[in-house]
Number of protein chains: 2
Amino acid sequence: MATSLQVSGPGGTKSHQLFLLLKDAISSGRMAPGTKIPGELKLADEHQVSRVTVRRALEALTAEGLIMRKPGVGTLVCEQPIGATVMTASVSNLLPNISKMGENSRVRLLEFGYGNPPEGVRERLRLNGNDRTQRSIRVRLAEEKPFSYLTTHVPERIAISYNEDELATTPLFNLLERSGVHLDHATQSISATLANKDVAEALGVAVGSPLISLTRVVYDKEGKGVEHLHALYRPDRYRIEIDLCRADGEDGRYWQPLAPDQT
Amino acid sequence: MATSLQVSGPGGTKSHQLFLLLKDAISSGRMAPGTKIPGELKLADEHQVSRVTVRRALEALTAEGLIMRKPGVGTLVCEQPIGATVMTASVSNLLPNISKMGENSRVRLLEFGYGNPPEGVRERLRLNGNDRTQRSIRVRLAEEKPFSYLTTHVPERIAISYNEDELATTPLFNLLERSGVHLDHATQSISATLANKDVAEALGVAVGSPLISLTRVVYDKEGKGVEHLHALYRPDRYRIEIDLCRADGEDGRYWQPLAPDQT
DNA sequence: TATAAATGTATTATTAATAGAACAGGAAAA
DNA sequence: TTTTCCTGTTCTATTAATAATACATTTATA
């Protein structure tokens with residue numbers, strides 16, 4: 001295939017486009033670890049760019065540890081030692097597999113304070129115009145590597161039952177239930193976004209990197225909002241897994257999410 | 001905040017990065033329609049770039065109809081008639097809400113052919129080394145606007161039961177069940193990635209835009225792989241929703257995903 | 001050992017992106 | 001009105017990206 005890369009206005013450079021193209025081919029498994037990828041001249045010809053441009057893309061891939069190059073031999077797709085410890089979260093477990101994370105899990109509390117929440121948060125928590133919330137920003141680490149950036153809003157009346165230190169050491173759910181709140185139901189919405197500078201620094205990725213975005217709102221029995229979470233995850237260190245089972249229902253067959261095995 | 005954009009090697013140009021950041025802020029709702037965004041000089045200062053660079057990003061946003069500019073007034077975020085129809089998929093519905101999409105849903109078949117699948121796909125489908133698969137690439141549109149880019153692999157023995165035209169008109173699940181396959185269980189994995197050139201063109205987004213990535217493998221009763229799906233979704237037109245209910249189990253309380261209301 | 005294929009390195013020229021500055025003109029507010 | 005803020009326009013200078021080419025070096029292989 002002789003696809004040709006374009007560059008028009010702020011469309012990203014050719015080398016960047018080629019870099020993305022190759023990176024995607026690797027991380028999607030289309031180019032398996034161990035595979036020898038085409039030579040620089042062949043890539044240059046295939047994509048209608050100069051060899052310099054190909055080299056830039058390959059250098060970026062090398063810097064990320066995705067490929068290995070040897071003069072006289074070629075370029076090989078690396079085995080990925082990084083993705084070895086990918087955290088997975090069953091949908092049902094609102095908490096990621098803490099058990100798997102074990103002792104290596106840690107939390108950094110970046111921000112902690114009270115104030116008026118942004119409008120979107122206030123609406124979803126079903127608060128009145130004046131109700132204040134506690135806002136906290138936390139970064140979770142596994143094996144000292146950050147993988148999630150969590151922004152939570154909790155109504156002030158609930159949040160006063162715990163302090164800054166407790167939030168830095170104890171899962172928020174435990175704190176909420178301890179305070180007497182009866183967690184009842186929740187909605188989650190999953191999307192994708194780009195890392196801005198703050199998040200990029202906290203998670204150790206480049207600005208503009210892709211991140212999994214998850215927004216969760218938890219309600220109590222009365223339908224009052226209890227927690228609003230906006231989570232950003234590094235896709236190379238975190239993944240959301242869902243197992244489904246085909247089941248028979250009243251109106252025909254449908255897909256039933258598997259309940260978590262509470263081990 | 002004084003975030004600064006970097007450009008190192010093939011990291012995309014600064015104007016492109018700023019364009020993506022602002023676009024994401026708009027389409028995610030962090031900058032609501034009607035909002036006046038900071039002036040060019042302020043943006044230039046905040047992101048540590050020159051005004052020319054800011055203008056490039058804003059010109060690109062204008063071209064996409066995301067912002068409106070008036071001399072003497074400023075730059076406003078447009079009301080988005082496009083994003084009005086965000087498609088949501090309950091986790092339980094493997095098919096997105098076709099009902100909501102109604103008559104306006106359409107499929108474009110971009111590729112169709114048989115061959116040896118990449119290793120990752122072969123493993124997940126539990127195929128032997130020689131087993132061939134049918135590979136198809138489809139783009140789903142709602143109201144003539146593309147929102148998903150689907151790459152599917154189906155083992156040859158199953159795929160021969162339908163042809164190219166049927167795939168372009170009938171949901172794959174229907175074709176599979178028609179062929180006598182008993183769909184039994186599935187695993188899904190959700191992540192995030194960046195748009196490469198092919199996908200960007202098909203979905204009408206810029207190269208480097210964030211996309212929701214979903215990989216699903218469906219198995220039959222015998223545990224044989226039946227379908228391997230790699231789906232990419234535009235986050236501004238598609239979202240994955242999960243509703244959970246706190247339930248009592250043997251080992252304590254846990255979160256139970258809600259079964260779909262099969263309406 | 002000679003050859004082919006691959007990466008590494010270097011040079012030059014051209015084009016695009018960026019920075020920094022200046023100035024013109026529209027629109028709102030003191 | 002005057003001031004202020006914003007976009008629109010134009011200019012120059014600098015830096016980065018790209019193309020095209022040449023040559024050296026490493027490695028496997030015929």
Side-chain angles (χ1 to χ4, degrees), chain A residues 2-22 31 34-63 65-78 206-208, chain B residues 2-22 31 34-78 197 206-208:
Chain A
T3 62
S4 75
L5 299 175
Q6 52 161 26
V7 54
S8 60
T13 59
K14 293 187 186 179
S15 55
H16 184 231
Q17 287 187 26
L18 182 55
F19 162 72
L20 289 173
L21 205 68
L22 295 172
M31 295 206 297
T35 306
K36 197 165 121 184
I37 79 177
E40 295 178 352
L41 289 170
K42 192 167 183 186
L43 282 174
D45 181 60
E46 277 181 0
H47 297 90
Q48 297 289 306
V49 294
S50 76
R51 198 181 152 215
V52 187
T53 307
V54 172
R55 295 206 98 240
R56 293 231 169 176
L58 295 179
E59 279 159 13
L61 290 171
T62 308
L66 292 172
I67 58 175
M68 256 189 44
R69 328 195 62 197
K70 259 192 194 171
V73 180
T75 303
L76 301 177
V77 178
C78 286
V207 173
Chain B
T3 62
S4 77
L5 299 177
Q6 44 152 40
V7 54
S8 58
T13 60
K14 293 187 185 182
S15 56
H16 186 230
Q17 285 189 25
L18 183 55
F19 160 72
L20 290 172
L21 283 179
L22 293 173
M31 295 206 298
T35 306
K36 197 165 121 186
I37 79 177
E40 294 178 354
L41 289 171
K42 192 168 184 183
L43 282 174
D45 181 59
E46 278 180 1
H47 296 90
Q48 297 288 305
V49 295
S50 76
R51 198 180 151 213
V52 186
T53 307
V54 172
R55 294 206 101 242
R56 290 227 171 175
L58 294 179
E59 279 160 12
L61 289 171
T62 307
E64 292 204 4
L66 292 172
I67 58 175
M68 257 189 44
R69 327 194 64 195
K70 262 192 193 171
V73 180
T75 303
L76 301 177
V77 178
C78 288
K197 199 206 172 198
V207 173

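A quick note: this is a predicted structure, and the numbers were derived from the prediction, not measured.
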**Request:** Identify the heavy atoms of B/K14 and B/V49 that sit nearest to each other, and give their distance.
**Result:** CD-CG1, 3.8 Å

**Item:** Proximal nucleotide (of C/dT7, C/dG26, D/dA20) relative to the A/V52 side chain
**Value:** D/dA20

**Prompt:** Can you name the closest pair of heavy atoms from A/L58 and A/I37 and give their distance?
**Reply:** CD2-CD1, 3.9 Å

**Prompt:** The side chain of B/R69 lies closest to which of these nucleotides: C/dG8, C/dA19, D/dT7?
**Reply:** D/dT7

**Request:** When you get a sec, tell me which of D/dT7, C/dA19, C/dG8 is the closest nucleotide to the side chain of B/V49?
**Result:** C/dA19

**Prompt:** Atom CD of B/Q48 to atom C1' of C/dT18: distance rounded to whole Å?
**Reply:** 14 Å

**Request:** Look at the side chain of B/K14 and decide which nucleotide, out of C/dT9, C/dA19, C/dG26, has an atom nearest to it.
**Result:** C/dA19

**Among C/dT9, C/dT18, C/dA27, the one nearest B/V73 by side-chain distance** = C/dA27

**Prompt:** B/L43 has an atom CG; how far is it from atom P of C/dA19, in whole Å?
**Reply:** 13 Å

**Protein-nucleotide distance (B/K70, atom NZ; D/dT4, atom P), rounded to Å** = 24 Å

**Asked** A/R56 CZ to C/dT7 C1': how many Å, rounded?
**Response** 17 Å

**Item:** Length of the line joining B/K42:NZ and D/dT7:C1', which is rounded to integer Å
**Value:** 17 Å

**Request:** Answer yes or no: does a side-chain N or O of B/R55 lie under 4.0 Å from OP1 or OP2 of D/dG8?
**Result:** yes

**Asked** What are the two closest non-hydrogen atoms of A/R69 and A/T62, and how far apart are they?
**Response** CD-OG1, 3.5 Å

**Message:** Is there a side-chain contact between B/T75 and the phosphate of D/dC6, meaning an N or O under 4.0 Å from OP1 or OP2?
**Reply:** no

**Asked** Between A/T53 and D/dA17, does any side-chain N or O lie under 4.0 Å from OP1 or OP2?
**Response** no

**Message:** Without decimals, in angstroms, what is the distance between B/L41 CG and C/dA19 C1'?
**Reply:** 13 Å

**Message:** Using OP1 and OP2 only, check whether a side-chain N or O of B/T13 sits under 4.0 Å from C/dA16.
**Reply:** no

**Asked** CD1 of B/I67 versus P of D/dC6: gap in Å, rounded?
**Response** 15 Å

**Asked** Sequence neighbours excluded, which residues qualify as side-chain contact (heavy atoms from CB on, under 4.5 Å) partners of A/K70?
**Response** A/V73

**Interatomic distance, B/I67 atom CD1 to B/L61 atom CG [nearest 0.5 angstrom]** = 4.5 Å

**Request:** Go through C/dG8, D/dA17, D/dT7 for me and flag the one nearest to the B/E40 side chain.
**Result:** D/dT7

**Item:** Which nucleotide in D/dT7, C/dT18, C/dT7 has an atom nearest any side-chain atom of B/S15
**Value:** C/dT18

**Request:** Round to the nearest Å and state the distance from B/L76 atom CG to C/dA28 atom C1'.
**Result:** 14 Å

**Asked** Does B/S50 put a side-chain nitrogen or oxygen below 4.0 Å from OP1 or OP2 of C/dT18?
**Response** no

**Prompt:** Closest approach of B/S15 and B/A57, non-hydrogen atoms and distance?
**Reply:** O-CB, 3.6 Å

**Item:** D/dA19 phosphate, OP1 or OP2, under 4.0 Å from A/R51 side-chain N/O
**Value:** no

